[in-house]
Amino acid sequence: MLGGPGLESVVDQYISVITNDGRNIVGILKGFDQATNIILDESHERVYSTKEGVQQLVLGLYIIRGDNISVIGELDEELDAGLNLSELRAHPLKPIIH
């Protein structure tokens, strides 16, 4: 997981965030603070299902509180663009318990 100073290297790049409640939010990291609150632009939530393809809910400019973040990771844009999300099936993530 990237955090604190490590996030400086991915500002203005696409990242994927897994929240404590199991959501997967993808967007361009625009900023962060010492509490790892983050600002994403051009963001969307990926909703996984075992019955249908991945739904992408447009969020736009979005702020996520640092205490609600479980994992932050860089997103390989080329690899991500090659995925056919409409055919991908997966169980939704369960909430993270600390």
| How many angstroms lie between CD in Glu42 and CG in Leu61, if you round to the nearest 0.5 Å? | 10.0 Å

| task | With rounding to the nearest 0.5 Å, note down the distance linking NZ in Lys30 to CD in Gln13. | result | 11.0 Å

| request: Check the surroundings of atom CZ in Arg89: do more than 12 heavy atoms from other residues, nucleotides or ligands lie under 6.0 Å from it? | output: yes

| task | Could you tell me whether a side-chain N or O of Thr19 sits under 3.5 Å from a main-chain N or O of Ile69, the two making a donor and an acceptor? | result | no

| Between Asp67 and Asn20, which heavy-atom pair has the shortest distance, and what is it? | O-ND2, 2.8 Å

| remark: Scanning both residues in full, the closest heavy-atom pair of Ser70 with Ile96 reads OG-CG1, 3.3 Å

| Can you hop from Val17 to Leu57 via hydrophobic side chains spaced under 4.5 Å? | no

| field | Within-4.5 Å side-chain heavy-atom neighbours: Ile15 and Leu75 | value | no

| message | Any donor-acceptor pair under 3.5 Å linking the side-chain atoms of Tyr14 with those of Asp80? | response | no

| task | Show the numbers, then the answer: is there a side-chain contact (heavy atoms from CB on, under 4.5 Å) between Thr36 and Ile72? | result | CA-CA 10 Å; Thr36 317; Ile72 300 173; 4.0 Å; yes

| Under a 4.5 Å cut-off applied to non-hydrogen side-chain atoms, are His44 and Ile25 in contact? | no

| message | Can you tell me how far apart OG (Ser16) and CD (Glu74) are? Round to the nearest 0.5 Å. | response | 11.5 Å

| Shortest non-hydrogen separation from Ser43 to Gly60 and the atoms involved | OG-O, 2.5 Å

| said: Evaluate Leu83 against Leu88 for side-chain contact (heavy atoms from CB on, under 4.5 Å), listing each step before the verdict. | reply: CA-CA 8 Å; Leu83 295 175; Leu88 185 63; 5.6 Å; no

| Taking atom CZ of Phe32 and atom CD1 of Ile39, what is their separation to the nearest 0.5 Å? | 10.5 Å

| message | Could you report the tightest heavy-atom contact between Asn84 and Ser86, atom names first, then the distance? | response | OD1-OG, 2.6 Å

| request: Looking only at non-hydrogen atoms, find the nearest pair between Pro92 and Tyr48 and report the distance. | output: CG-O, 3.3 Å

| field | Evaluation steps, side-chain contact (heavy atoms from CB on, under 4.5 Å), between Asn24 and Val54 | value | CA-CA 11 Å; Asn24 180 2; Val54 177; over 6 Å; no

| query | What distance separates Ile63 CD1 from Ile38 CD1, expressed to the nearest 0.5 Å? | reply | 10.0 Å

| Should Val26 and Ile28 be counted in the same cluster of Ile, Leu, Val, Met, Phe, Trp and Tyr side chains packed under 4.5 Å apart? | yes

| Summary of salt bridge (Lys or Arg N to Asp or Glu O under 4.0 Å) pairs that have at least one residue in residues 15-26, sequence neighbours excluded | Arg23-Glu45

